[in-house]
2 protein chains.
Amino acid sequence: MTSEQPLPQEPTLTIAQVVERTGLSHDTLRYYEKAGLIQRVGRTTGNQRRYEAADLAWLEFLIRLRETGMSIADMQRFAALRARGDATVPDRLAMLREHRADLADRIRALRRNAASLDDKIDHYERLLDQPGSDELS
Amino acid sequence: MTSEQPLPQEPTLTIAQVVERTGLSHDTLRYYEKAGLIQRVGRTTGNQRRYEAADLAWLEFLIRLRETGMSIADMQRFAALRARGDATVPDRLAMLREHRADLADRIRALRRNAASLDDKIDHYERLLDQPGSDELS
DNA sequence: GTAGAACCTGGAGTGTGCTCCAGGTCAAGC
DNA sequence: GCTTGACCTGGAGCACACTCCAGGTTCTAC
């Protein structure tokens with residue numbers, strides 16, 4: 001009795017298309033799936049992966065976590081919480097806030113280090129302007 | 001004929017003292033020396049390392065390079081230039097400028113990513129305020 | 001002079017995050 | 001129907017930056 005209208009099927013992407021859109025390699029995508037970072041992706045009858053828009057959005061979020069220095073292990077924890085549904089939103093929020101705070105710390109440290117690189121660069125520029133001063137600086 | 005006055009000897013540091021001051025481990029210090037990141041450090045007659053102030057300053061600079069994401073391989077190149085003396089100042093300056101520019105790029109990217117983490121955090125906060133909206137976000 | 005802590009060496013081992021491989025199966029164009 | 005390229009799997013291998021280990025030597029305090 002269920003009316004099976006052929007809904008305008010959401011378009012799916014082959015792994016090659018996801019590689020192109022995300023910049024992740026085939027192997028990394030399979031590794032992430034094996035590691036549980038993404039829930040098992042849809043398959044064709046022939047067992048080939050077909051990614052949906054939601055998969056892509058989640059991958060892009062994972063990439064953001066990775067680029068901000070989150071470890072695979074922590075991403076696994078986050079993904080596991082997400083898989084458990086809405087009840088884990090507070091936990092996920094806490095994880096993100098902590099990660100965000102760490103990131104702020106790291107950015108501050110980088111800026112401090114950048115400033116001292118600038119000092120060293122200035123030092124070398126002065127050396128070039130008035131050479132013959134000292135060695136090994 | 002060289003008058004060997006016992007000059008007020010520059011105080012040197014044992015490896016344990018350098019560990020304490022730099023936060024690098026014994027093994028890392030030996031690894032850096034083996035890798036040529038620091039020139040062979042002075043030794044006692046009994047072959048134990050004694051670090052001078054200049055060694056410490058250089059280690060601190062290396063730490064800064066490392067913390068700003070320079071690879072060991074690049075640090076080796078930098079250290080090799082430094083060992084060749086003042087003639088390589090232009091090359092060292094070029095390396096540092098390039099590294100500094102990379103760092104600026106990475107800091108910018110981190111800030112962009114931090115902003116999108118903030119968006120995600122906001123999203124979760126709204127989910128908590130008005131629950132029951134949607135899943136897997 | 002001796003105990004115990006600190007130090008030495010070369011080389012093997014580790015954790016992280018992929019990356020590659022062999023040996024297959026599947027899909028699309030002709 | 002056949003070719004050819006895309007895709008599949010489990011598992012081995014790799015680059016990086018350390019970290020650990022065994023077995024020996026040196027230093028310091030008593």
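Note that these values count all heavy atoms, side chains included, but never hydrogens, waters or copies made by symmetry.
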What is the distance from [atom1] of [X] to [atom2] of [N], rounded to the nearest Å?
X: L13(A); N: dA27(C); atom1: CG; atom2: P; result: 17 Å
X: L65(A); N: dT16(C); atom1: CG; atom2: P; result: 17 Å
X: N47(A); N: dG24(C); atom1: CG; atom2: P; result: 17 Å
X: L29(A); N: dC7(D); atom1: CG; atom2: C1'; result: 13 Å
X: E33(B); N: dA17(D); atom1: CD; atom2: P; result: 19 Å
X: Q17(A); N: dG5(D); atom1: CD; atom2: C1'; result: 15 Å
X: R43(A); N: dT25(C); atom1: CZ; atom2: P; result: 16 Å
X: K34(A); N: dC7(D); atom1: NZ; atom2: P; result: 17 Å

From [options], nucleotide with atom closest to [X] side chain:
X: Y32(A); options: dC7(D), dC18(C), dT9(C); answer: dC18(C)
X: Y31(A); options: dC18(C), dT9(D), dC7(C); answer: dC18(C)
X: T14(B); options: dG11(C), dC7(C), dA27(C); answer: dC7(C)
X: T45(A); options: dA27(C), dC7(D), dG11(C); answer: dA27(C)
X: T28(B); options: dT26(D), dC8(D), dC18(D); answer: dC18(D)
X: R66(A); options: dT9(D), dT9(C), dC18(C); answer: dC18(C)

Problem set entry | Atom CD of E98(A) with >12 non-hydrogen neighbours under 6.0 angstrom |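 Not buried by this count: 12 neighbours or fewer within 6.0 Å.
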For this session: Assess whether atom CD of Q76(B) is packed by more than 12 heavy atoms of other residues, nucleotides or ligands within 6.0 Å.
Result: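 Yes, enclosed.
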Exercise. Within the structure shown, what part of the strands sits under 4.0 Å from R30(B) by heavy-atom distance: base, sugar-phosphate, or nothing?
Worked result: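 The answer is base, as R30(B) lies within the cut-off (heavy atoms under 4.0 Å) of a base atom.
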Exercise. Is a salt bridge present between R108(B) and D105(B), judged by a nitrogen-to-oxygen distance below 4.0 Å?
Worked result: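 Salt bridge: yes.
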Problem set entry | Salt bridge flag under 4.0 Å for residues R97(B) and E125(A) |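 So R97(B) pairs with E125(A) through a salt bridge.
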Problem set entry | Geometric class of the F78(A)/F61(A) ring pair [parallel <30°, tilted 30-60°, perpendicular >60°] |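 Plane angle between 30° and 60°, so tilted.
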Exercise. Within the modelled atom types, does a donor on one side and an acceptor on the other bring the side chain of D27(A) and the base of dC20(C) under 3.5 Å apart?
Worked result: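 Answer yes: a donor N or O sits under 3.5 Å from an acceptor.
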Exercise. Is there a side-chain polar atom (N or O) of R49(A) under 4.0 Å from OP1 or OP2 of dC7(D)?
Worked result: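 No.
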For this session: Look at T44(A) and dA27(C) and indicate whether a side-chain polar atom (N or O) is within less than 4.0 Å of OP1 or OP2.
Result: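 For dA27(C), OP1 or OP2 has a side-chain N or O of T44(A) closer than 4.0 Å.
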Exercise. In terms of the nearest nucleotide of DNA chain D, which residue is placed more toward the 5' end: A73(B) or H26(A)?
Worked result: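 With A73(B) and H26(A) compared, the 5'-side residue is H26(A).
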For this session: Name the residue closer to the 5' end of DNA chain D, choosing between I72(B) and R50(B) according to the nucleotide with the nearest heavy atom.
Result: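 The answer here is I72(B).
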Exercise. Between the main-chain N or O of D91(A) and the side-chain N or O of T88(A), is there a donor-acceptor pair closer than 3.5 Å?
Worked result: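 Between the backbone of D91(A) and the side chain of T88(A) there is no qualifying donor-acceptor contact (under 3.5 Å).
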Problem set entry | Residue whose nearest DNA chain C nucleotide is more 5′ - Q48(A) or M75(A) |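 Checking each residue's closest nucleotide, the 5'-ward one belongs to M75(A).
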